[in-house]
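Given the structure is predicted, the values throughout are model-derived calculations rather than measurements. Counting starts at 1 for both ligands and their atoms, following the listed order.
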Amino acid sequence: MTDSQFTPRVFSGIQPSGCLTLGNYLGAIKRFVQMQEEEYETIYCMVDLHAITAKLLDPATLRKNTRELAAGFIASGISPEKSILINQSQVPEHAQLAWIFNCIARMGWMQRMTQFKDKAGKNAEASSLGLFAYPALMAADILIYHATHVPVGDDQKQHLELTRDIATKFNQEYDVDFFPITEPVIEGAATRVMSLRDGSKKMSKSDASDASRINMTDDADTIAKKIRKAKTDPDALPSEAKGLDDRPEARNLVNIYAELAEITVDQVLADHGGAQFGAFKPALAELAVTKLAPISSEMARLMDDPAEIDRILAHGAEQAREITEPVLKKTYEIVGLVGA
Ligand code: AQP
């Protein structure tokens, strides 16, 4: 059997571990919206079970983050009529399949995961077991839908490779072609948006410095101020992309501009090559505010009616379970947990 036996289906998720960032938007959500308009069935998820792996959150904060993330998805253009929108914990088959995958994945595979090493830091012994097992749950999130494509930022590449390894090993162990070998979709000029304070670090919701990121809820003044204060070098912008080598902060701002304006890096440099950051930063701030302000005001409007968000997520969970229940049942049969 080939992958063509599987319905073209997209799954991706974001953790409600904090406020959505420009990195999440450019690296992931923009692609989610595009793929919704293509030939795929699309399922997008607030992965709340993942959000408690790095640290436990105050319950009210987690609930607020989850609704705000759903509002961010919808405000960015994900339509509950066109896509299934779910909250991971409301679809229990994700966690049930994850247990099977904990038994498929090898310790050696998990120990190589760089995100665990980054997030655990020096004190891995004090990390939760959940943080270590995170990639197996992520594989279950994807494969419980038999998803064929997963749009993600560059930082998730290794986890997607692990998902493929888990699907392959499961299929081999049980001599089946049950799980697809999912394709990552990592595209665009901003697959890894970097911190505004340190060009060697990814922009992240949970960075201790708020100045390091643009939050999707930041107002125009805050966005402009953060871009004005973004770390840069003293040189003017080059007129060709090669001139951005070894200039991570400059490259980051140019990549952000390109992705927001939906033009190439070469086009940005054709327009702004030779400009000092004193001139480029206000142009970038204006562009960012123009693109992000409608999303943040729509998020605020949606957040005024949390019951409506809950209703959308409950409906999404019902739709999702039409896919996940049969896949889990069949998995249990293959493994020998139920059936003849
Ligand atoms: N800086 C980024 N640039 C491009 N893409 C990014 N993504 C995250 N940060 C960037 C992409 O967003 C999707 C959701 O990520 P996530 O929230 O599930 O986890 P994360 O990658 O760990 O994101 P954060 O913001 O860094 O969260 P915390 O701080 O909680 O760990 C993924 O597709 C990711 O690639």
Exercise for the section: Just jot down the ligand 1 atoms closer than 4.0 angstrom to any heavy atom of A28, in number order. Expected result: 12 (O), 13 (C), 33 (O)

Practice task
Could you point out which residue of D221, D219, D218 forms a salt bridge (Lys or Arg N to Asp or Glu O under 4.0 Å) with K226?
Solution key: D218

Exercise for the section: Give the residue and atom name of whichever protein heavy atom lies nearest to atom 35 (O) of ligand 1, and the separation in Å to one decimal. Expected result: D155 OD1, 2.4 Å

Exercise for the section: Give a yes or no answer on whether the side chain of R67 reaches the backbone of I309 with a donor-acceptor pair at less than 3.5 Å. Expected result: no

Problem - Salt-bridge contact K329-E333 (side-chain N to carboxylate O under 4.0 Å) - result: yes

Problem - Residues D155, R192: salt bridge by 4.0 Å N-O rule - result: no

Problem - Pair D207 + R213: basic N to acidic O under 4.0 Å - result: no

Handout entry: Side-chain donor-acceptor pair present, Q36, T42, cut-off under 3.5 Å
Key = no

Practice task
Report yes or no: does E249 contribute a side-chain atom to a donor-acceptor pair with the main-chain N or O of K231 at less than 3.5 Å?
Solution key: no

Handout entry: R31/E259 ion pair, N-O < 4.0 Å
Key = yes

Problem - NZ/K281: more than 12 non-hydrogen atoms of other groups inside 6.0 Å - result: yes

Practice task
Measure S204 to ligand 1 on non-hydrogen atoms and call it side chain, backbone, both or neither using the 4.0 Å cut-off.
Solution key: both

Exercise for the section: Please identify which atoms of ligand 1 are closer than 4.0 Å to at least one heavy atom of G153. Expected result: 5 (N), 33 (O), 34 (C), 35 (O)

Practice task
Report yes if V47 has an N/O atom closer than 3.5 Å to an N/O atom of ligand 1; otherwise report no.
Solution key: no

Handout entry: For G27, atoms of ligand 1 separated by under 4.0 Å from a heavy atom
Key = 4 (C), 5 (N)

Exercise for the section: May I ask you to say whether K30 pairs ionically with E262, meaning some side-chain N is under 4.0 Å from a carboxylate O? Expected result: yes

Problem - atom 14 (C) of ligand 1 - nearest protein heavy atom and its distance - result: I14 CG1, 3.5 Å

Problem - Identified side-chain hydrogen bond (donor to acceptor under 3.5 Å, both in side chains) partner of R321 from the options E325, E318, Q319 - result: E325

Practice task
For ligand 1, indicate whether the residue S206 contacts it via side chain, backbone, both or neither (heavy-atom separation under 4.0 Å).
Solution key: both

Handout entry: Under 3.5 Å side-chain donor-acceptor pair for T7 and E41
Key = no

Handout entry: Proximal atoms of ligand 1 relative to K119 (non-hydrogen, under 4.0 Å)
Key = 22 (O), 28 (P), 31 (O)

Exercise for the section: Would you check whether P151 has a nitrogen or oxygen atom less than 3.5 angstrom from a nitrogen or oxygen atom of ligand 1? Expected result: no

Handout entry: Heavy atom of T191, distance to ligand 1 below 4.0 Å
Key = yes

Handout entry: G13 neighbourhood, listing ligand 1 atoms whose heavy-atom distance to it stays under 4.0 Å
Key = 14 (C)

Practice task
Within a distance under 4.0 Å of any heavy atom of M203, pick out the atoms of ligand 1 and give their elements.
Solution key: 1 (N), 2 (C), 9 (N)

Completion exercise
Ranked by distance from atom 5 (N) of ligand 1, the top protein heavy atom is G23 O, 3.2 Å

Exercise for the section: Name the closest protein heavy atom to atom 30 (O) of ligand 1, giving the residue it belongs to and the distance to 0.1 Å. Expected result: S17 OG, 2.6 Å

Problem - For atom 3 (N) of ligand 1, the protein heavy atom that lies nearest, with its residue and separation - result: V193 N, 2.8 Å

Problem - Within-cut-off N or O pair, M194 and ligand 1, under 3.5 Å - result: no

Exercise for the section: Using distance alone, decide if ligand 1 has a nitrogen or oxygen within less than 3.5 Å of any nitrogen or oxygen in T21. Expected result: no

Exercise for the section: Please state which part of Q115 comes within less than 4.0 Å of ligand 1, counting heavy atoms only: side chain, backbone, both or neither. Expected result: side chain

Practice task
Applying salt bridge (charged side-chain N to carboxylate O under 4.0 Å, His left out), name anything that partners E37, two or more places apart in sequence or on another chain.
Solution key: K82

Handout entry: Contact atoms of ligand 1, heavy-atom distance to R192 under 4.0 Å
Key = 3 (N), 4 (C)

Problem - Whether E183 side chain and H149 backbone form a donor-acceptor pair below 3.5 Å - result: no

Practice task
May I ask you to check whether V152 has an N/O atom sitting below 3.5 Å from an N/O atom of ligand 1?
Solution key: no

Practice task
Heavy-atom contacts with Q156 under 4.0 Å: which atoms of ligand 1 show up? List them by number with element.
Solution key: 21 (O), 32 (C), 34 (C), 35 (O)

Exercise for the section: Say whether S12 and ligand 1 are in contact under the criterion: heavy-atom distance to a ligand atom below 4.0 Å. Expected result: no

Exercise for the section: Between M138, K201, K202, flag the one that comes closest to atom 20 (P) of ligand 1 by a heavy atom. Expected result: K202

Problem - Under-4.0 Å salt bridge between E161 and R164 - result: no

Exercise for the section: Answer side chain, backbone, both or neither: which part of Q15 comes under 4.0 Å from ligand 1, heavy atoms only. Expected result: both

Handout entry: Nearest non-hydrogen protein atom, atom 25 (O) of ligand 1
Key = K205 N, 3.0 Å

Practice task
List the steps and the verdict of ring pair (Phe, Tyr, Trp, His ring centres under 6.0 Å) for F11 and H146.
Solution key: CA-CA 9 Å; F11 174 91; H146 280 184; over 10 Å; no

Handout entry: N24 N/O under 3.5 Å from ligand 1 N/O
Key = yes

